[in-house]
Undergrad: 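Quick one: this structure, given as structure tokens, is what I'll be asking you about.
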Amino acid sequence: MYPDVYDKVGNNEVFNPEFIYEHLEKPKDPKMGRFALPVFRFTKLLAAKPQDIAQAVAGAMTIPEHVPITVEVAGGFINAKVDFSALAEESLVKILSLQKEYGTEDIGEGKTVIVEYSSVNIAKPFGIAHLRTTILGNSLRLILKKLGYNVIGMNYLGDWGTQFGKMIVAYRKWGNDIDLSDNPIEKLLELYVRFHEEARTNPELDDEARKTFKALESGDPETVDLWKRFKDMSLADYLKVYEQLGVEFDVITGESFLNDKMESLIERLEKAGLTSVSKGALIVDLHDPQLPPCLLKKADGATLYATRDIVGAFWRWEEYHFDEALYVVANSQSDHFKQVFKVIAMLEEAEQIPEQERIANRLKHVDFGWVKFGDKTMSTRSGNIIYLTDVINKAVTLARKKIREKNPGLQTIDKTAEMIGIGAVLFSQMSVRRLKDVNFIWEDVLNFEGETGPYLQYTHARLCSLLRNYDGEITSNPDVSLLHGEEEERIVELLADFPGAIRDAARNYDPYFIAMHLIKLAGAFNRFYQRKTPEGRIDKIISDDAPLTRARIALVRAVQVVINEGLRLLGIKAPEEM
RNA sequence: GCCCCCGUAGCUCAGUAGGAUAGAGCAGCGGUUUCCUAAACCGCGGGCCGCAGGUUCGAUUCCUGCCGGGGGUACCA
């Protein structure tokens, strides 16, 4: 084709299959095809205009008969369309036979991943600040399982630390006569807020709190007893919330669990010569101008959460021998994790641990942006928080009201309202890329229209309704030649791309990719559902034309399977009616 | 001061291994139901992609600086 530059071209392996494969992209507009090869990058090499190259290459291509693609040139792009019926045939048959196993893969087989998420702080109310880690982590766990990983979903409770010193001091000072049997968390919160108010004018309280935590750490029975009471009461409360949200864990543990493992780690670090004492505190100097030293022990000898995270990482390794450990924690803690990971790397280096047993580069902070509320930052200390239960209750109540308006005959109103209200809340946290700060806007979270969870659920219910109304059998090898509209093509493409969306979500540690894929699919289906004939009538899916109806119902079934499975991966329930 | 994240339509956000006229949803306005669930669908208006340079055939995307918002910055987590 280009004999004068053949050597150069050959040397650069331009136009060999792998090279081309790597440069393929997806056209901006799906109508232009499934694959595109921009040839601008070769203009210099070939000393020709992009359009000419594209023309020449496309003209020289011979496509074997069994390969169902057609090639078009558009400016400097070579676009390849996959023959619709081949694509439809392949993906529909696959979906209809595999059902919910469609998109399941084994790329994670034999690999263990720990996903730490939620990790609420005991004795504090479940606020919307914890919503994101809980929802993101729960979905990530499901997504990674789908790809064949051995996943351990871990709730690492914040049940240790100076805050408990504060709580216990507050309780002893002002709370002894409070009845904690009813709504304990709220009462504990009041104490906690009061502590911070009073500590502003009375700094001695902070000292007292530190002392009390130290007593807890060294096992003072009376203090431990109180701590345990607080912990049990709060955990019981959280479990109810998790149940309501449909969030599950494989392991629930907490920082306190590591208490007796601290000393041996600190000894290891000391032995490795990494520690030093600064201003009375035991630290590891990270020799990094960007990072402050990592504190292991305060001047009073009590540990800090960095110490516990370091110990925890090693404990997780011994217990699970993970290939990867994810920490789904807000990005405000990114320095903390950098410090923790660095200390671990330094220790492994100093101890000359064999490469394959090192964990430092298996640890990954999956960070996400803040949940903001108006112009105020939410914080437990100021008492300025939105309770998750309030959010859920409002959403469910609103859902119930809508059902009464729109579908009063529905048998399971309460159950369905719960699915929808919670679906709205869950989706609101996954419809934005995880690093973005999200504003908590009541109006948006309680919106059931547009790009929302209820929209997906509604579409699913609509699909199920069609399947109920169809009295024939659902074929698993439909005559795809009958599905020839623009809408059908778009639906099939999105169905075919669903497994890719799952992989994108896993690669980016972000369920967002699945959420948006489902929105597109639901939109494509709803357009198909409401398409009109040239005469202006609805082009119904179920009609007198039996073969056509059979083919369309097969498509409906495939969409329903994918939306159902996609919602499951997001942790959202898919109602059959609503 | 230093470090990290963010800055795209009135609002909330996509567009991120650099690519084809910058896309959705919400809000606004106007349509669609003798009804396979209108929580839907169609149309309209709406943009110096924070600003200024640089690299490139090509920059919303990469680099540098500045501006604006958020977070972090050793004895909280």
Side-chain angles (χ1 to χ4, degrees), chain A residues 22 25 27-29 32 36 38 40-41 43-44 49-50 74-77 79 119 121 158 160-163 165-166 206 209-210 213 255 278-283 289-300 302 304-306 308-309 329-336 338-339 367-370 372 377 380-381 399 402-403 405-407 410 420 431-433 435-439 441 443-444 447-452 454-459 461-470 508 512 516 519-520 522-523 526-532 536 538 540-543 549 556 577-578:
Chain A
E22 270 174 32
E25 30 188 82
K28 208 148 208 170
D29 185 339
M32 294 190 278
F40 305 92
R41 334 186 147 138
T43 50
K44 214 167 239 178
K49 287 183 189 166
F77 291 88
N79 294 330
S119 303
N121 291 324
W160 208 239
T162 310
Q163 51 175 327
K166 294 177 181 176
D206 281 322
R210 276 191 281 271
F213 173 56
E255 295 180 39
S278 168
K279 296 173 192 167
L282 187 69
I283 66 161
Q290 322 260 303
L291 285 177
C294 181
L295 263 80
L296 299 174
K297 272 185 173 182
K298 299 190 279 187
D300 65 7
L304 286 122
Y305 82 129
R308 295 189 283 274
D309 268 349
V329 180
N331 64 6
S332 56
Q333 291 193 41
S334 63
D335 280 354
H336 162 73
K338 278 185 201 152
Q339 289 178 302
D367 53 348
F368 56 86
W370 259 144
K372 294 181 297 184
T377 317
T380 316
R381 292 183 191 187
K402 295 232 163 170
I403 294 172
E405 277 168 23
K406 294 163 190 281
N407 192 3
L410 186 66
I420 294 163
S431 59
V432 175
R433 284 270 231 154
L435 275 173
K436 206 107 177 178
D437 289 350
V438 294
N439 294 309
I441 302 167
E443 200 187 337
D444 287 354
N447 181 24
F448 296 169
E449 289 166 19
E451 295 177 354
T452 64
Y455 171 72
L456 295 177
Q457 293 172 314
Y458 175 75
T459 306
R462 188 180 245 183
L463 287 155
C464 289
S465 171
L466 280 168
L467 296 171
R468 278 194 303 273
N469 289 340
Y470 175 69
N508 293 290
Y512 165 84
M516 277 309 123
I519 288 289
K520 283 187 206 155
N526 282 321
R527 277 191 291 282
F528 170 56
Y529 181 86
Q530 285 178 162
R531 179 173 60 190
K532 287 185 176 171
I538 294 282
K540 286 196 175 182
I541 288 169
I542 298 173
S543 67
T549 301
V556 165
E577 286 179 81
M578 64 186 263

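Values below: all heavy atoms of this structure, side chains included; hydrogens, waters and symmetry mates excluded. Proteins get letters first, then strands, A, B, ... in listed order; numbering begins at 1 in each. Since we're looking at a predicted model, the values are computed, not measured.
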Undergrad: Expressed in whole Å, how much space separates the C1' atoms belonging to B:rC6 and B:rC76?
TA: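 So the two C1' atoms sit 26 Å from each other.
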Undergrad: Mind checking whether A:Asp300 and A:Phe213 have side chains closer than 4.5 Å, heavy atoms only?
TA: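 With C-beta onward as the side chain, the pair stays apart.
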Undergrad: So, using side-chain hydrogen bond (donor to acceptor under 3.5 Å, both in side chains) as the criterion, who are the partners of A:Lys297 when residues are at least two apart?
TA: A:Glu263
Undergrad: Any idea which of B:rA74, B:rC41, B:rA20 is nearest the A:Asn526 side chain?
TA: B:rC41
Undergrad: Taking only the side-chain heavy atoms of A:Ile542 (C-beta and beyond), determine which of B:rA38, B:rC36, B:rG71 contains the nearest atom.
TA: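 Side chain of A:Ile542 sits closest to B:rC36.
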Undergrad: Nearest-Å distance, CG (A:Asp206) to P (B:rC76)?
TA: 8 Å
Undergrad: Counting only side-chain heavy atoms from C-beta out, which of B:rC41, B:rG71, B:rA74 sits nearest to A:Arg527?
TA: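 So the nucleotide nearest the side chain must be B:rC41.
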Undergrad: Quick one: A:Met516 CE to B:rA24 P, roughly how many Å, whole number?
TA: 14 Å
Undergrad: Run the side-chain contact (heavy atoms from CB on, under 4.5 Å) test against A:Ala306 and tell me which residues pass, sequence neighbours left out.
TA: A:Cys294, A:His336, A:Val340
Undergrad: Check for me: is A:Tyr470 stacked on B:rC36 by the 5.5 Å centroid and 30° plane-angle rule?
TA: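 The ring of A:Tyr470 is not stacked on B:rC36.
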Undergrad: Which of the following nucleotides, B:rA38, B:rC41, B:rG71, is nearest to the side chain of A:Tyr455?
TA: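 Closest nucleotide among those given: B:rC41.
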Undergrad: Quick check for you: among B:rA77, B:rC13, B:rG71, whose closest atom lies nearest to any side-chain atom of A:Glu255?
TA: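 Side chain of A:Glu255 sits closest to B:rA77.
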Undergrad: Closest approach to the side chain of A:Lys402, judged atom by atom: which nucleotide of B:rA39, B:rC36, B:rA20 is it?
TA: B:rA39
Undergrad: Across the strands shown, which category fits A:Leu304 at heavy-atom distances under 4.0 angstrom: base, sugar-phosphate, nothing?
TA: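 Touches sugar-phosphate only.
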Undergrad: Would you mind classifying the nucleic acid contact of A:Pro27 as base, sugar-phosphate or nothing, using non-hydrogen atoms under 4.0 angstrom?
TA: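 Since a base atom lies under 4.0 Å of A:Pro27, the category is base.
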Undergrad: Could you give the CD1-to-P distance, from A:Ile538 to B:rC42, as a whole number of Å?
TA: 12 Å
Undergrad: Tell me: CG of A:Asp29 to C1' of B:rA22, nearest whole Å?
TA: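 About 13 Å, once rounded to whole Å.
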Undergrad: Starting the side chain at C-beta, find the nucleotide from B:rA77, B:rA40, B:rC13 nearest to A:Glu449.
TA: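 In terms of side-chain proximity for A:Glu449, the closest of B:rA77, B:rA40, B:rC13 is B:rA40.
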Undergrad: Do the side chain of A:Thr459 and the base of B:rA40 come within less than 3.5 angstrom through a donor-acceptor pair of N or O atoms?
TA: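 Looking at the base of B:rA40, it does not pair with any donor or acceptor on the side chain of A:Thr459 (distance under 3.5 Å).
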Undergrad: Which residues satisfy the salt bridge (Lys or Arg N to Asp or Glu O under 4.0 Å) test with A:Asp367, sequence neighbours excluded?
TA: A:Arg434
Undergrad: Going by salt bridge (Lys or Arg N to Asp or Glu O under 4.0 Å), name the residues that satisfy it together with A:Arg468, two or more places apart in sequence or in a different chain.
TA: none
Undergrad: Without decimals, in angstroms, what is the distance between A:Leu410 CG and B:rA39 C1'?
TA: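 In whole Å, B:rA39 C1' lies 13 Å from A:Leu410 CG.
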Undergrad: Please state the C1' separation for the pair B:rC11 and B:rC67 - nearest whole angstrom.
TA: 23 Å
Undergrad: Kindly compute the distance separating CZ (A:Phe368) from OG (A:Ser332), expressed to the nearest 0.5 Å.
TA: 8.0 Å
Undergrad: Under 4.0 Å, counting only non-hydrogen atoms across every strand here, what does A:Met578 touch: a base, just sugar-phosphate, or nothing?
TA: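 Base: the residue A:Met578, judged by heavy atoms under 4.0 Å, touches a nucleobase.
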Undergrad: Suppose you measure atom C1' in B:rU33 against the same atom in B:rG15; what distance do you get, rounded to whole Å?
TA: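 Result for the C1' pair: 36 Å, nearest Å.
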Undergrad: From C-beta outward on A:Lys279, which listed nucleotide comes closest to its side chain: B:rG19, B:rA74, B:rC36?
TA: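 Looking only at heavy atoms from C-beta outward on A:Lys279, the closest nucleotide is B:rA74.
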Undergrad: Quick one: is B:rG15 close enough that its OP1 or OP2 comes under 4.0 Å of any side-chain N or O from A:Arg433?
TA: yes
Undergrad: Just call it for A:Gly369: base, sugar-phosphate, or nothing, with non-hydrogen atoms closer than 4.0 Å on any strand.
TA: nothing
Undergrad: Heavy atoms under 4.0 Å, any strand shown: does A:Arg531 hit a base, just sugar-phosphate, or nothing?
TA: nothing
Undergrad: How would you summarise protein contacts on nucleotides 4-11 of chain B per nucleotide, using B for base, S for sugar-phosphate only and - for none, with heavy-atom distances below 4.0 Å?
TA: -SSS----
Undergrad: Could you tell me whether the side chain of A:Tyr529 reaches within less than 4.5 Å of the side chain of A:Leu466, counting heavy atoms only?
TA: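 They are in contact (side-chain heavy atoms under 4.5 Å apart), so the answer is yes.
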Undergrad: Taking atom C1' in both B:rC49 and B:rC13, what distance in whole Å separates the two?
TA: 13 Å
Undergrad: Which of the following nucleotides, B:rG71, B:rC76, B:rA39, is nearest to the side chain of A:Phe448?
TA: B:rA39
Undergrad: Between the side chain of A:Ser543 and the main-chain N/O of A:Lys540, is any donor-acceptor distance below 3.5 Å?
TA: no
Undergrad: Distance check, C1' atoms only: B:rG70 and B:rU32, in whole angstrom units.
TA: 44 Å
Undergrad: Quick one: is B:rC76 close enough that its OP1 or OP2 comes under 4.0 Å of any side-chain N or O from A:Thr162?
TA: yes
Undergrad: Within this structure, what is the OH-to-P distance between A:Tyr512 and B:rA14, rounded to whole angstrom?
TA: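 A:Tyr512 atom OH is separated from B:rA14 atom P by 6 Å.
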Undergrad: Counting only side-chain heavy atoms from C-beta out, which of B:rC36, B:rG71, B:rA20 sits nearest to A:Trp370?
TA: B:rG71
Undergrad: How far, in whole Å, is B:rU55 from B:rU64 if one measures between their C1' atoms?
TA: 11 Å
Undergrad: Restricting to salt bridge (Lys or Arg N to Asp or Glu O under 4.0 Å), what partner residues turn up for A:Glu25, sequence neighbours left out?
TA: A:Arg41
Undergrad: Which pair of heavy atoms, one from A:Phe77 and one from A:Ala36, lies closest together, and at what distance?
TA: CD2-CB, 4.5 Å
Undergrad: Please report the distance, rounded to the nearest Å, between NZ in A:Lys28 and P in B:rG15.
TA: 12 Å
Undergrad: Report the residues that fulfil side-chain contact (heavy atoms from CB on, under 4.5 Å) with A:Leu295, sequence neighbours left out, ordered by chain and then residue number.
TA: A:Ala281, A:Ile283, A:Leu304
Undergrad: Taking CZ from A:Arg462 and P from B:rA39, how many angstroms apart are they, rounded to a whole number?
TA: 8 Å
Undergrad: With sequence neighbours excluded, tell me which residues meet salt bridge (Lys or Arg N to Asp or Glu O under 4.0 Å) with A:Arg527.
TA: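 Salt bridge (Lys or Arg N to Asp or Glu O under 4.0 Å) list for A:Arg527, sorted by chain: empty.
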Undergrad: Both atom distances under 3.5 Å, Watson-Crick or G-U wobble: I'd like the secondary structure of RNA chain B as a dot-bracket string, with | for pairs made across strands.
TA: (((((((..((((.....[...)))).(((((.......))))).....(((((..]....))))))))))))....
Undergrad: Please state whether the base of B:rA39 and the side chain of A:Asn447 form at least one donor-acceptor pair under 3.5 Å?
TA: no
